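Data first, discussion second: the structure below is written as structure tokens.
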Amino acid sequence: MRDDYLHALFSPQTIAVVGSFDNAGASARVVLSNLEGWGYQGRIVPVNWTSGQDPRTLDDLKGIDLAVVCLAPEFVPEALEWIADMGIKAVIIISAGFREIGGQGYYLEESIIQLAERRNLTLLGPNCLGVASWADHLNASLISRLPSQGNIAFFSPSGSMCNAILDWAASEEIGFSKFASLGNRAVIDEASMLQFLAEDPQTSVIIGYLEGMNNGRRFARISQTITHEKPVIMLQAGMTEHGQKAISSHVGALTGSERAYQTALKQAGIIQVDNLSTLFDLARMFGTQSLPKGPNLAIVTNSGGAGILAADGMAGTSLILPRLGRDTAARLADVLPRHAQTSNLVDIGMEATPVQYAQALNTVLHDRQIQMVLLVIAPGLGVDLPAIVRELVALPRAEGKTVAVCLIGQEGVMEEKRFLQRHGLPCYSNPKAALASFEAMLRYAGWKTKSYPVEVCYRRDKAKAERFLKDCLDVGKTELFGFEVQPLLMAYELGFPRTELARTSKSAVKIAKRLACPVALKIASPHIEYKSDVGGVEVNLQTSEEVRLGFMKLTSRVQRLRSEAFVSGCLVQEMILGKPAEVCIRVQRDPKFGPLIRFGLSGSQADIFQEYSMRLAPLSLDDAAGMMRELKVFSLLKRERGREALDLRALEDVLLTLSQMTLDFPEIYTLEFDPVLVTSRGAWVAGARMSLLPQSE
């Protein structure tokens with residue numbers, strides 16, 4: 001499968017439209033009409049596949065860059081073979097009736113995937129609407145109404161969403177540079193399209209609609225690099241069980257979990273939205289404004305009430321409303337009406353003239369400590385909106401400053417709103433939406449300053465770990481608990497408290513003496529998932545008598561509470577001295593994105609605070625540190641009275657080693673370290689459980 005000819009999809013010199021032209025409403029005729037109607041400058045060759053003439057005999061089919069196939073699905077494989085024979089490397093398959101309908105359609109799509117791989121074809125679709133490139137005057141699609149030219153590129157697997165978003169963009173006067181309908185993504189998927197658009201000189205902002213994903217890990221890996229160069233904004237669907245089922249039946253794609261999707265997009269620096277309105281708000285903002293160089297936002301308004309609402313909306317954001325500098329306040333006093341307020345919120349009043357609106361905005365923009373300005377205008381008696389917006393767009397752009405306008409109202413201010421947006425000033429109907437866009441711009445500006453992630457490969461005896469996991473699977477052991485996981489920990493040089501299994505109280509006493517330190521007892525049973533559920537842990541046992549009584553207490557308690565559970569005894573484990581912090585690290589393999597790592601507190605604290613952070617493997621150094629920083633409760637735990645400073649580097653090592661381990665062995669389905677004990681001297685895995693995927697899977 002090839003995607004290195006993607007430029008031929010958008011900049012072909014010659015296009016062959018393959019299909020039936022006998023029916024006036026046929027797809028091939030629509031594509032041909034759109035190509036001609038958009039003023040495409042290259043050569044267009046109609047190929048009437050059903051006319052009875054062998055296309056191989058046509059003389060004008062040499063040197064074709066792109067073929068658009070509009071045939072019944074059963075004719076597509078034969079047409080692709082002919083296309084490959086003609087030396088054409090890029091193909092768009094408009095036809096439906098493949099994976100999305102299941103059954104025979106699934107196998108038909110598999111056959112064209114294999115054909116594309118065998119013949120080195122770059123293939124978009126099937127079941128797609130086509131592509132458009134404004135700079136190349138190319139509309140090789142089934143969509144006749146497209147928005148104007150701009151710097152925003154858009155892709156989507158859903159044809160209906162393509163229609164809806166393009167129509168909305170045309171109504172909102174948002175300009176596009178490239179558009180691609182991905183369809184079933186047999187060969188060209190989101191990752192391929194993202195990689196191409198990242199290098200497209202006509203594209204400054206990339207937006208898309210996500211609906212399942214064929215290769216989630218590849219998409220996340222590519223995105224992490226691209227988002228440092230261009231903002232990527234995604235409208236995401238399938239975040240519920242019902243939505244995931246609908247996606248599967250819609251485009252035949254498998255979906256990952258909601259948490260995995262959100263974690264992958266966040267980790268890659270992708271801006272996530274959940275509605276079309278926000279998608280366009282952000283696309284317009286990123287497409288027209290400079291990224292803010294700091295969090296300071298000034299509010300200029302003609303209505304004190306509207307300005308206060310805007311200031312209130314900043315609560316819970318990273319935006320700051322600073323007091324303006326003295327020089328700025330003095331200049332504002334010179335140009336504004338006498339009763340205007342010029343503190344941190346500039347209220348110019350309803351009696352201000354159109355020129356004074358522009359002067360106020362221009363003055364605030366030149367304040368050194370201001371990085372963003374929101375101009376909030378409420379209609380009223382004497383407020384000449386048409387004249388005001390003309391003065392605003394005539395202002396020269398302030399280099400490096402981010403500006404947006406909020407016109408309070410709907411139908412009555414629609415013309416002025418469109419006028420501002422047509423001239424590159426984002427305009428909103430309410431302050432909250434504008435502030436959300438500022439916040440997104442600020443977060444993205446911070447993301448761009450982050451260094452590229454550095455992955456760490458830790459020492460390990462991979463051959464030893466591989467033999468251990470193979471032995472487990474060979475005997476059908478797919479669930480491992482506690483000390484059973486120790487060989488894997490040893491192969492990856494992870495520290496753990498010395499632990500032995502005692503089947504009797506007498507044996508427990510002997511083990512405790514051998515360990516020569518305070519010990520903990522933990523119930524050992526394959527039927528008890530979480531020991532805390534049955535009070536299955538006794539800690540800090542100092543004497544032989546305490547160990548003996550603890551053993552008897554644990555086993556009798558568990559037999560009383562869980563009579564059906566098989567109890568093999570108790571684990572005798574050395575106590576880690578000091579006052580360790582207890583954390584839990586869990587990994588579950590997502591079908592689309594791979595190992596999903598969750599970090600949080602352990603035991604009763606986890607039940608109380610219910611706070612955790614998540615990342616997808618592989619973890620970088622920044623990822624491991626970020627997971628700890630995001631956990632606010634963990635930050636408090638580090639400063640708890642009586643606790644020495646924690647060895648966070650050792651905890652990072654556990655996280656990074658766990659990430660490497662799950663990447664090394666796809667057969668590890670779930671892995672849990674609970675608790676991990678962290679002190680000033682290091683980190684120890686005090687409890688572990690693991691489930692493996694049988695080899696047949």
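Hydrogens, waters and symmetry mates play no part in the numbers below; they use all other heavy atoms, side chains included. For the single chain, residues carry numbers from 1 onward in sequence order. As the structure is a prediction and not an experimental result, all values here were calculated from the model.
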Glu229 side chain to Ala198 main-chain N or O, any donor-acceptor pair under 3.5 Å?
no
List the steps and the verdict of side-chain contact (heavy atoms from CB on, under 4.5 Å) for Val232 and Ser223.
CA-CA 8 Å; Val232 180; Ser223 301; 5.9 Å; no
Ignoring hydrogens and geometry, is there a side-chain-to-backbone donor-acceptor pair from Ser505 to Arg548 under 3.5 Å?
no
Euclidean distance, Asp189 CG relative to Arg218 CZ, rounded to 0.5 Å
5.0 Å
Asn540 and Gln542 side chains, donor-acceptor separation under 3.5 Å
yes
Under 3.5 Å, side chain of Ser525 to main-chain N/O of Phe566, donor-acceptor pair present?
yes
Side-chain heavy atoms of Trp684 within contact of Val654, under 4.5 Å
no
What's the separation between atom CG in Leu265 and atom CG in Leu210, rounded to the nearest 0.5 Å?
6.0 Å
Evaluate the side-chain contact (heavy atoms from CB on, under 4.5 Å) criterion for residues Ser437 and Leu282: first the C-alpha distance (whole Å), next the side-chain angles of each, then the deciding distance (0.1 Å), finally the verdict.
CA-CA 6 Å; Ser437 293; Leu282 294 183; 3.6 Å; yes
A quick test of your reading: do over 12 heavy atoms of other residues, nucleotides or ligands sit less than 6.0 Å from CE of Met575?
yes
Quick one: does Asp647's side chain get under 4.5 Å of Thr679's, heavy atoms only?
no
With a 4.5 Å heavy-atom cut-off, do Val547 and Val572 have their side chains touching?
no
Exam field: side chain Glu439 to backbone Ser318, donor-acceptor pair closer than 3.5 Å:
yes
To the nearest 0.5 Å, tell me how far Leu374 CG sits from Met314 CE.
9.5 Å
Are the aromatic ring centres of Tyr261 and Phe593 under 6.0 angstrom apart?
yes
Test: Asp474 and Lys470 ion pair at under 4.0 Å
yes
Note: Val567 and Val558 closest approach over all heavy atoms is CG2-CG1, 3.8 Å
I'd like to know if the side chain of Gln559 and the backbone of Ser556 have a donor-acceptor N/O pair within less than 3.5 Å.
no
Quick one: do Lys450 and Asp622 make a salt bridge, cutoff under 4.0 Å?
no
Only one of Asp664, Thr657, Thr662 forms a side chain to side chain donor-acceptor pair (under 3.5 Å) with Gln660, so which one is it?
Asp664
Contact summary for Lys230 and Leu197, nearest pair of heavy atoms
NZ-O, 2.9 Å
For the pair Gln195 (side chain) and Ile226 (backbone), establish whether a donor and an acceptor sit closer than 3.5 Å, ignoring hydrogens and angles.
no
Any side-chain to backbone donor/acceptor pair from Tyr444 onto Thr227? Under 3.5 Å, distance only.
yes
Please find the pair of heavy atoms, one from Met661 and one from Leu671, that lie closest to each other, and give the distance.
SD-CD2, 3.6 Å
Are Arg498 and Arg514 close enough that some pair of their side-chain heavy atoms sits under 4.5 Å apart?
no
Smallest separation among heavy atoms of Arg217 and Ala617, with atom names:
NH2-O, 4.2 Å
Whether Glu211 side chain and Ser158 backbone form a donor-acceptor pair below 3.5 Å
no
salt_bridge(Arg562, Glu564) N-O dist < 4.0 Å:
yes
Any chance you could measure Ser277, atom OG, to Leu235, atom CG, to the nearest 0.5 Å?
11.0 Å
Does any donor atom in the side chain of Asp281 or Thr278 lie under 3.5 Å from an acceptor atom in the other side chain?
no
Answer yes or no: is there a donor N or O on one side and an acceptor on the other, between the side chain of Asn296 and the main chain of Gln369, under 3.5 Å?
yes
Measuring only between side-chain heavy atoms, which start at C-beta, is Leu521 closer than 4.5 Å to Leu571?
no
Which pair of non-hydrogen atoms, one from Ala502 and one from Phe551, has the smallest distance, and what is that distance?
O-CE1, 3.5 Å
Is there a side-chain contact (heavy atoms from CB on, under 4.5 Å) between Leu651 and Phe599? Walk through the geometry before answering.
CA-CA 11 Å; Leu651 183 53; Phe599 173 77; 3.9 Å; yes
Quick one: does any side-chain atom of Thr670 pair with a main-chain N or O of Met690 as donor and acceptor, under 3.5 Å?
no
Would a 4.5 Å heavy-atom cut-off, applied to side chains only, mark Tyr669 and Gln588 as touching?
yes
Determine whether Phe665 and Glu466 make a side-chain contact, defined as any pair of heavy atoms from C-beta on separated by less than 4.5 Å.
yes
What distance separates Glu672 CD from Arg598 CZ, expressed to the nearest 0.5 Å?
9.5 Å
CG of Leu182 to OG of Ser156, rounded to nearest 0.5 Å, is 7.0 Å
Let me see the working for Glu190 and Phe155 under side-chain contact (heavy atoms from CB on, under 4.5 Å), right down to the final yes or no.
CA-CA 8 Å; Glu190 295 89 348; Phe155 62 82; 3.8 Å; yes
Flag side-chain contact, heavy atom, 4.5 Å: Lys464 against Met490:
yes
Is it true that, when you exclude Lys448 itself, more than 12 heavy atoms of the residues, nucleotides or ligands shown sit nearer than 6.0 Å to its NZ?
yes
What pair of heavy atoms forms the shortest contact from Ile308 to Leu345, and how long is it?
N-CD1, 4.0 Å
